[in-house]
Number of protein chains: 2
Amino acid sequence: MGEPTAATPPEPSPDDRRRVGLKDVARLAGVSVKTVSNVVNGYVHVTPKTRARVERAIKELNYRPNLSARNLRRGRSGIIALAVPELDIPYFAELARLIVAAAEEHGLTVLIDQTGGSRHREQQVAEGIRDQLIDGLIFSPLALTADDLSARTDDTPMVLLGERIHNGPADHVVVHNVAAAKEATLHLIALGRRRVAAIGAQDDAAGETARLRLAGYRAALAEAGLPFDEGLVAPVAAYHRADGAAAMARLLDLAEPPDAVFCFNDLLALGALRTLLERGHEVPAEVALAGFDDIEDGRYGTPTLTTVSPDKREIARQAVALLVERMSGTARRGTREIYVDHRLVIRESTTGRKIP
Amino acid sequence: MGEPTAATPPEPSPDDRRRVGLKDVARLAGVSVKTVSNVVNGYVHVTPKTRARVERAIKELNYRPNLSARNLRRGRSGIIALAVPELDIPYFAELARLIVAAAEEHGLTVLIDQTGGSRHREQQVAEGIRDQLIDGLIFSPLALTADDLSARTDDTPMVLLGERIHNGPADHVVVHNVAAAKEATLHLIALGRRRVAAIGAQDDAAGETARLRLAGYRAALAEAGLPFDEGLVAPVAAYHRADGAAAMARLLDLAEPPDAVFCFNDLLALGALRTLLERGHEVPAEVALAGFDDIEDGRYGTPTLTTVSPDKREIARQAVALLVERMSGTARRGTREIYVDHRLVIRESTTGRKIP
DNA sequence: CTGAAAGCGCTTACAG
DNA sequence: CTGAAAGCGCTTACAG
């Protein structure tokens, strides 16, 4: 009494009505909370009559289980994180869609982290910015090294995607990059091309994808008995259209420009295509073009794009399946590296044939 | 006893070591849990010396707060959901990226729901499949009606995106569709075109976007004194490239084909472009083409695509800002409809000029 | 098949 | 500035 606040009786704000809990449902239905919990979670040992009564009460009160409480009690959240560089890079957008779908089949919800490929953000992800919120992580790093990952103190189950990190610190789903790049290059050579260029080389340590695809490219040249010409290998800073466009321009300025180009991804190829058409070159008559990823844009451009198509659905499924195994603790010791199929999809940018 | 399971004593699995909690940190640091909590949450009233000791203990034990417990206690999760039809439709991928970024500035994490535009899934989203997990929802519905949304019993704060639902049941961020479509059509007419077609009409109730953009198209014709020709309006089942390609083919088969086409989104335009080039028509010389959305694909095709560019960053910012206001309870009564700017980006598909 | 009760790990009045 | 304790809403042994 006499306290300054005494004049303001603690009056519940309109939003303050208490949330409906299990207890309220139990009271209305005239059963114990255990029974309500059993009904909510679909357990068997409840008589149909009791179940019906509980369900009526749930509907009447519009009860929804509080997931924070459930998670706290169960010790898991049912949420996994997907960390990718950018959501609007078509390859990652397609992958994200498939992973969300695959996760749903396991009753899991996906939360998305965009790292922008920045080392700092990737370290945060690896160290578990959201580790107490998520049960597992599917991670496609761009800047992190295997050492970074080996040093991580967070023990949230993790599955890696992409070429960046091999040999081990975590389960890993990949495609056979060397073989796929070799196939694509051999296809160009089989068309009779002799000056086959490559766009997408990268010097820095981040360029593991580049390294593998370049190896495949070189293996194809070697197998075909063609010389390797350093001048036909165009390095890029990143794997966007603009980089491909610029690289193609440089190749066209060579004394002896290429008659075919294998681009290390589709965005590079689409950028290169743009430069070729802009400068009045016919594709594939003068320059044949192949990419990697099979993103949807390549299927509808003019010409349509020949490309290596990794089985993205399978990548998503395997990634989620591996993660689920890790999370449940049923995974065997040691990490696994799973190789997913790919196929070469031949379209107009190498054959000139129209889509029927 | 005698039960078959009696032979297997309940032995804690190696993974079962208890999680490090506030209590453990408090014990190691020699302070109360309250103090640790204060340090973790960055509150002021802790002496530097105590703070340092706590921080050392946190590091030593590699302590991470349990978010489920925090959320349970605080009554919120810091997670918002973004529900869109598909993540790999470029427009939604771009929007998702921007919304994730905007949410991050408010310390919020985004969880993504893909509805596939299915009515059933959209109803689940509206009714709060994850309502106890999320603090708010940014929703771009395709099948739901205003009535569906008015009837929802879930009271999770929600912000709507897209043209589907106007007038009211929730806060809403949109662009001026009619005005924008009119501008795009007038631009085509200003080029001297007289048979301007439209691709993207839809009969069904879902076609609110279609209705508005068609209205803008008609308004432009009227303003320019051109007749409205029903035959030049091509309906589509969906807004994908394939629909645009098919619609364009039908328009080209007319006795008097169009000399310009306004497509109600960029994917339709890219599909239409494909048909035009495939059939040997010059763009824009024979047929000029404009789209809507300004997705990245349109910036790099050949020719590049003239399009209405909504300010997507602003859409994302406004959507998150509105939602945050609702969640904090500071929003005024009544729902708001926020119009975001757009501009017409003129590129080669109407002017034929090359990008410098 | 059902009930009463403990406890998941936090935050936050309430006292000091 | 710090401590002891209640309670968020669940799930789940433990009894019956």
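The figures that follow rest on heavy atoms only: side chains count, while hydrogens, waters and symmetry mates do not. Lettering follows sequence order; numbering is per chain, from 1.
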Could you tell me if the side chain of Val125(A) sits less than 4.5 Å from the side chain of Phe139(A), heavy atoms only?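 Yes. Closest side-chain heavy atoms under 4.5 Å.
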
Is there a side-chain polar atom (N or O) of [X] under 4.0 Å from OP1 or OP2 of [N]?
X        : N       : result
Thr35(A) : dG3(C)  : yes
Ser32(B) : dT2(D)  : no
Ser37(A) : dC10(D) : no

**Message:** For the C1' atoms, the ones on dG16(D) and on dT12(D), what distance do you get once it is rounded to whole angstrom?
**Reply:**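 Comparing C1' positions in dG16(D) and dT12(D) gives a spacing of 16 Å.
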
Review point. What is the pairing partner of dA15(C), taking Watson-Crick or G-U wobble pairs with both distances under 3.5 Å in any strand?
Key: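 Across all strands, the one nucleotide that pairs with dA15(C) is dT2(D).
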
Looking at every strand, decide which applies to [X] at a 4.0 Å heavy-atom threshold: base, sugar-phosphate, or nothing.
X        : value
Arg64(A) : sugar-phosphate
Asn41(B) : sugar-phosphate
Thr50(A) : sugar-phosphate

From [atom1] of [X] over to [atom2] of [N], roughly how many Å is that when rounded to an integer?
X        : N       : atom1 : atom2 : value
Leu67(B) : dC10(D) : CG    : P     : 19 Å
Asn38(B) : dC14(C) : CG    : P     : 17 Å
Lys34(B) : dT12(C) : NZ    : C1'   : 7 Å
Asp24(A) : dC8(D)  : CG    : C1'   : 13 Å
Arg76(A) : dC10(D) : CZ    : P     : 16 Å
Asn66(B) : dC8(D)  : CG    : C1'   : 13 Å
Arg70(B) : dC8(C)  : CZ    : P     : 18 Å
Asn71(A) : dC10(C) : CG    : P     : 14 Å

Listed nucleotide nearest any side-chain atom of Val33(A), set dG3(D), dG9(C), dT11(D)
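Among the listed nucleotides, the one closest to the side chain of Val33(A) is dT11(D).
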
(message) Can you identify which nucleotide, out of dC1(C), dC10(D), dG9(D), has its nearest atom closest to the Leu72(B) side chain?
(response)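 Selected nucleotide: dG9(D).
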
Using a strict threshold of under 4.0 Å (side-chain N to carboxylate O), is an ion pair present between [Y] and [X]?
X         : Y         : answer
Glu104(A) : Arg121(B) : yes
Asp88(B)  : Arg97(A)  : yes
Arg164(B) : Glu122(B) : no
Arg313(B) : Glu94(B)  : no

Pick the closest DNA chain D nucleotide for Tyr63(A) and for Gly30(B) by heavy atoms, then say which residue is nearer the 5' end.
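That would be Gly30(B).
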
